[in-house]
Amino acid sequence: MNSWKHIFQTAGRNLLRNKRRSLITGLAILSGFVGLTLLAGYVARVERYLMVNSVYINHTGHVVIYKSDAIDKYFSRPQKYLLSPKNIGEAQEVLKLFRDDVEFVAPYLMANGLLQFDTEAFPFQGKAVTIEADKFTRQHPMVKTWTSELRSNETGTPLFQTADISNPLKITRKLFDKLKNSREINLQGLTVDHGFNALDATVVATYSTGLDLTEDTGLMTTLPVFQELMGTDGVTNLGVYLKSDLQARFLASKLNTEFKLRNLPLMAYPFFDERISLFYTGTMNFLYAMAAFFFSLVSMVVILSIANAISMNIIERSKELGTMRAIGFTPAKISLLIAAESFILSVVSIFIGVLLAQLVSWGVNLSNIRFFPPGIAGDMQFVLTPWPSICLLLALPLIALATVTAYIVTRNKIQGEVIGLLADPTT
Amino acid sequence: MIKYILILMPLIALAKNPAAEDLLKRSDRARGGVAQGVTWNATLTSVEEGETSERKFTVKTKGDNALVELTAPARNKGEKFLFNDTVMWFHKPSLRKPVSVSARQRNSGQAANGDIASIQYARDYSAKILGKEKINGDEAWILELKAKNKSVTYDQIKYWISVKNGLGVKAEFLTLQGAPFKRAQFVYNNQIQSAGKTEPFISEMIIQDATFPDNKSILKYEAPTAATLSDSMFNVNNISR
């Protein structure tokens, strides 16, 4: 214990003695850490935005239950791949086993067709929701926290307040503009047995899907409207909302095991399955790859800075190190001392880095910088969220990296004869 | 002498190759294009990915107009399609007013709205004779039909008309690029009495997906009867009555 204390005391003293080099190495670690933290903060913000957009705004749920194979074949054979009331009952029976994890379950019915006003018609991709599901998602704290911009884009009466309106529709702003802002329109589509059908409908609200791809075709309505249009009492899928999104993979896997055991023709998918949320998965994979690239880059900079600083340190202090060897310090002990210097330096740098990252984020968030991310409908605020968990996740490997690098480099440099170190002409 | 031959040559050619438009007009009659009016019952059976569905209609046509009323299944009873010249309307009792729909929109299975009662190829398409071909042992003219406007059911049709009886026997419905996406065959086992004459009338139209031929719709025509129909029947303002 005393030995460790002594090592750290000596290491601290050495750092103060070599202020200039300590400062340069510390700045390399600090700037790398701040850069990584801000990047991770941005990735975390985008992930939350896309997750909330996919799960809540577009009514997917954390886990989606389809009839087996429906995910590929539903739109070509809706009659066969709809969840019947019997299927829904069976799925809900299984979900009771996981009631502690489940916050809410909602049935959804999807349809494509045409919206028509006068003689002009435009295609839509729609989803029908229950009044309860609309209320649940709109008022969910996650939506308020992460996608408040999308909520502010919504105008009109929420679906859950349209009990007295026949066939209410919520459509995207672009679609509404195409329909010349007409509220009394006609909804056309195919029934589950491929027959043509049409309904009168009323636009009660406009909204944003949050995604560029669906911004001029998005439509939401209440479940009875699509059930009448399609001539069915079934639904496309069940969306299962969890108390924690971290449980999605686990629950989907458990549900599939249970469905198999009970021989039910059902299949559960987590929201991050690319067949469920292609945009979320595609974007996040890209961002994760980018973050991993930058992390490797910063790690390389940290490794090289530390290796360089230590090499210089050893060259400059070769007489001192030679004396230490001569009075009985083993190479391992000297390496530990230098590693301790590096450890202290990285801890201090990262501590300052955490404060600096928070300060920069606060300034950036306050500046309300707007930008147009690819694939996202409209602009969004450039928000950085360097959470403590992110800081910790980045700090630990960086500290370890700095310490281990210092240890290895020192071990390699002081392996030679003691006399060689004492007689080094460069010091 | 040579001068006379030169004058007569186009006339000889005309006598040999009938005008494409005349061929179309003649074939349209046997598919319902009767000026005075004709009614029939139709059953549309569609097979899509192994699933079968059936719809029944009564069809009334007069000149360029047609009125199609669904009679089965029960939940579709009262639904109407009106072809008013080239504009198509849809109405059902729960709609506030008739809505204009596209003739190209799928009605059921492989059949588009326009397939049910859009019978005026001569009015809707400009035709050109491409040549002759034997279909089931009989010679047939091959016609290339091009849509005169965008409101018609198809952009292009390759249409075979029997040389012997002037009836359309086969069609390929083509994309704008000229690739077939649906194929149809026509059978004429019905007859109607019109202007004192007995004429053949279509009894079956089989429409198949060009890529997946198992996906098909069979439109059966029953009890065709020449009738004097009132023009007001085809007025869009009266469709909801």
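Note on naming: letters A, B, ... go to the chains in the order of the sequence lines (proteins, then strands), and numbering restarts at 1 for each one.
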Within 45° cone of A:Phe196 ring axis and under 6.0 Å: B:Arg55 NZ or CZ: no
Aromatic ring pairing A:Tyr66/A:Tyr269, orientation class (parallel under 30°, perpendicular over 60°, tilted between): perpendicular
Salt bridge B:Lys148-B:Asp124, side-chain N to carboxylate O under 4.0 Å: no
Check: B:Glu144/B:Gln156 side-chain N/O donor and acceptor closer than 3.5 Å: no
Side chain to side chain, A:Met267 and A:Asn237, heavy atoms closer than 4.5 Å: no
A:Thr206 and A:Thr155 side chains, donor-acceptor separation under 3.5 Å: yes
A:Thr214 and A:Gln125: side chain donor to acceptor below 3.5 Å: no
Atom group of B:Ser100 that falls short of 4.5 Å from chain A, counting heavy atoms: both
Candidate list A:Arg173, A:Lys174, A:Lys178, test salt bridge (charged side-chain N to carboxylate O under 4.0 Å, His left out), partner A:Asp216, passing option: A:Lys178
Lys/Arg-Asp/Glu bridge criterion (N-O < 4.0 Å) met for B:Lys62, B:Asp231: yes
Among B:Asp115, B:Asp155, B:Asn113, side-chain hydrogen bond (donor to acceptor under 3.5 Å, both in side chains) partner for B:Arg104: B:Asp155
Pairs of heavy atoms under 4.5 Å with chain A: top-ranked of B:Glu51, B:Lys92, B:Arg96: B:Arg96
Exercise: do B:Glu48 and B:Gln110 side chains pair donor with acceptor under 3.5 Å: yes
Close contacts, residues 73-81 of chain B versus chain A, judged by heavy atoms under 4.5 Å: B:Arg75, B:Glu79, B:Phe81
Contact class of A:Leu187 relative to chain B, heavy atoms under 4.5 angstrom: neither
Within residues 77-86 of chain A, residues adjacent to chain B where the heavy-atom gap is under 4.5 Å: A:Arg77, A:Gln79, A:Lys80
Proximal component of A:Leu114, with respect to chain B [non-hydrogen, under 4.5 Å]: side chain
Which portion of A:Asp200 sits near chain B, non-hydrogen atoms under 4.5 angstrom: both
Donor-acceptor pair between A:Asn256 and A:Glu258 side chains, under 3.5 angstrom: no
Side chain / backbone / both / neither for A:Ala121 at chain B, heavy atoms under 4.5 Å: neither
B:Thr225 side chain reached by B:Trp40 side chain, heavy atoms, under 4.5 Å: no
Contacting region of A:Thr191 [heavy-atom separation from chain B under 4.5 Å]: side chain
